[in-house]
Number of protein chains: 2
Amino acid sequence: MKQPERREQIIEVADRLFYEQGYDHTSFADIAKAVKISRGNFYYHFKTKDEILAAVIAFRKVRTKAMLERWEQQGDSPEKRINCFIQILIANQAKILRHGCPVGTLTTELAKLGHHSQASASEIFTLFREWLCKQFEDLGRVEDADQLAMQLLARSQGVATLASAFADQSFIDHEVRQMSLWLSNLNFTQ
Amino acid sequence: MKQPERREQIIEVADRLFYEQGYDHTSFADIAKAVKISRGNFYYHFKTKDEILAAVIAFRKVRTKAMLERWEQQGDSPEKRINCFIQILIANQAKILRHGCPVGTLTTELAKLGHHSQASASEIFTLFREWLCKQFEDLGRVEDADQLAMQLLARSQGVATLASAFADQSFIDHEVRQMSLWLSNLNFTQ
DNA sequence: GTCTATAATGCGATAGAC
DNA sequence: GTCTATCGCATTATAGAC
């Protein structure tokens, strides 16, 4: 297989395994086995574990940016676009119940490990934060746009954590409805 | 040193290290070194890593129950008692900024590891949930008490995760004020 | 690019002396 | 109750053949 393809393949598998099992708990052997190459060959593509983590984070950033651009074009109002964000809790419900939020769980783990890539991983949160901030500004909440963005980010983060802890699907459904309601009432409560 | 004392000492050190470094990443050597006993001696007190994790979770449950009982007696109104809960984000600010919420980060990690103690660790959340539920009932919100408890639990959980990710102390301060405000307005918005 | 073989380290866990 | 010594295993990482 050509070099770029194999590299992409490894990153995608590592991305999935880091999410499902955690970064530290996932070994090169796990990734190599899933990609169906030998451990030795793995080192041709990535020299250290830090290197593949950096590649996975970069991959997630690109994917997140693409998703945010898609939402930007899909929704024809800021409220509809923010609802796209809220709805990912439903779209990824099954995975979130088992493994939590991909961004939150990674930044938390890297913080505990004292890993230098923690700051880089947190920038995925920043992508959501700035995008949401822009939407709230378009909604007319110019002054507290960033605070609203952080509030929504925090709440959906907490929903993912608790839904996973209690293995409670209906909690996600309920909180998503509540967040949508909160959003549609925002114009009148400033 | 007498057996029960040493056992307690190990549990307290393990509790701290599991919080700071994560469960999986903390080795017996780490704990033994911090307690200043040999690795071999460690096994006199705890035979497996599962065993010490179970002891730490049990320890946290006892400590949480004691704290909730203290809050129960301290606050002379349900609103003040719920504010005790909200204020732990301030009281434990420094630790939360570095290591997140002790309950949330442990349940998340155990979920990723597929560890059988995950359900037991989640019961610490249940202690808070049921205590908060009772307070919201006393506040007069009988019908949606559990939903309000879960909403507050989720929000403070998200605040801890994001504050840690961004290393942003002022975000905790701001969100705590917002949650207190939300609480004081609850009576009028039913 | 891919493989096998292997070095070097750290881990959970055990045995046995004191 | 505490220690030293050690086993068996998984891990990251390297060397070198094909």
Side-chain angles (χ1 to χ4, degrees), chain A residues 1-57 59 106 109-110 112-118 121, chain B residues 1-59 106 109-110 112-118 120-121:
Chain A
M1 193 179 277
K2 274 184 254 168
Q3 210 183 114
E5 287 179 26
R6 179 67 85 197
R7 195 186 146 86
E8 273 296 299
Q9 192 188 11
I10 292 173
I11 292 172
E12 281 171 28
V13 165
D15 173 49
R16 179 173 61 82
L17 291 179
F18 288 173
Y19 177 40
E20 291 175 357
Q21 310 180 344
Y23 165 69
D24 201 51
H25 196 66
T26 300
S27 67
F28 282 0
D30 289 337
I31 303 170
K33 190 182 173 187
V35 181
K36 285 166 187 166
I37 58 171
S38 71
R39 264 161 298 164
N41 185 14
F42 191 95
Y43 286 87
Y44 172 79
H45 301 280
F46 295 96
K47 264 121 200 108
T48 66
K49 208 176 177 184
D50 287 5
E51 212 172 288
I52 183 148
L53 174 62
V56 166
I57 292 172
F59 175 68
L106 182 63
E109 183 184 358
L110 296 182
K112 294 228 193 237
L113 299 180
H115 200 287
H116 64 269
S117 286
Q118 193 266 349
Chain B
M1 192 179 278
K2 275 184 252 168
Q3 208 183 114
E5 287 179 26
R6 181 64 87 196
R7 195 187 147 85
E8 273 296 299
Q9 193 187 12
I10 292 172
I11 291 171
E12 281 170 28
V13 166
D15 173 49
R16 179 174 60 81
L17 291 180
F18 287 174
Y19 176 41
E20 292 175 357
Q21 310 180 343
Y23 165 70
D24 200 51
H25 197 66
T26 301
S27 68
F28 283 179
D30 290 336
I31 303 171
K33 191 182 173 185
V35 181
K36 285 166 186 165
I37 57 170
S38 70
R39 265 162 297 164
N41 186 15
F42 191 95
Y43 286 87
Y44 173 79
H45 300 280
F46 294 96
K47 265 122 198 108
T48 65
K49 207 176 178 184
D50 287 5
E51 212 172 288
I52 182 147
L53 174 62
V56 166
I57 292 172
F59 175 68
L106 181 63
E109 183 184 358
L110 296 182
K112 293 226 194 239
L113 299 180
H115 200 288
H116 64 268
S117 286
Q118 192 267 348
S120 176

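Residue numbers begin at 1 in each chain, while the letters A, B, ... track the order of the sequences.
Of the residues near DNA chain D, A:N41 and A:D30, the one whose nearest nucleotide (by heavy atom distance) lies more toward the 5' end is A:D30. Projected onto DNA chain D by closest heavy-atom contact, B:K36 and A:D50 fall at different nucleotides, the more 5' of which corresponds to B:K36.
Under the 4.0 Å criterion applied to side-chain N and carboxylate O atoms, B:R16 and B:E20 are assigned as salt-bridge partners.
A cation-pi contact, defined as under 6.0 Å to the ring centre and within 45° of the axis, is absent between B:K33 and B:F28. Remark: B:K49 qualifies as a cation-pi partner of B:Y23 under the 6.0 Å distance and 45° angle criteria applied to the six-membered ring.
Under the 4.5 Å side-chain criterion, counting only non-hydrogen atoms from C-beta, B:E5 is not in contact with B:Q9.
The nucleotide whose nearest atom lies closest to any side-chain atom of B:Y43 is, among D:dC3, D:dT14, C:dG12, C:dG12. Distances from the side chain of A:R6 to the nucleotides C:dA13, C:dT2, D:dT12 place C:dT2 closest. Taking the side chain of B:I37 as heavy atoms from C-beta on, and the options D:dC3, C:dC11, C:dT2, the nearest nucleotide is D:dC3. Residue A:S27 places its side chain closer to D:dT12 than to any other of C:dC11, C:dC3, D:dT12.
When the C1' atom of D:dC18 is taken as reference, atom OH of A:Y44 falls 15 Å away, rounded to whole Å. Residue A:Q21 contributes atom CD, which lies 14 Å from atom C1' of D:dT11 at whole-angstrom precision. For B:I31 and C:dA13, the CD1 to P distance is 11 Å, given to the nearest whole Å. Separating the NE2 atom of B:H25 from the P atom of C:dG10 is a distance of 12 Å, rounded to the nearest angstrom. One interatomic measurement links the two molecules: NZ of B:K49 to P of C:dT14, which rounds to 15 Å at whole-angstrom precision. The nearest whole Å value for the distance from the CZ atom in B:F42 to the P atom in C:dA15 is 18 Å. Between the CG atom of A:D24 and the P atom of D:dA10 there is a distance of 17 Å, rounded to whole Å. The interatomic distance linking B:F46 (CZ) with C:dT14 (C1') rounds to 18 Å, in whole Å.
Within 4.0 Å of A:S38, counting heavy atoms only, lies at least one base atom of the nucleic acid.
Checked by atom type, the side-chain pair A:H25/A:D30 shows no donor-acceptor distance below 3.5 Å.
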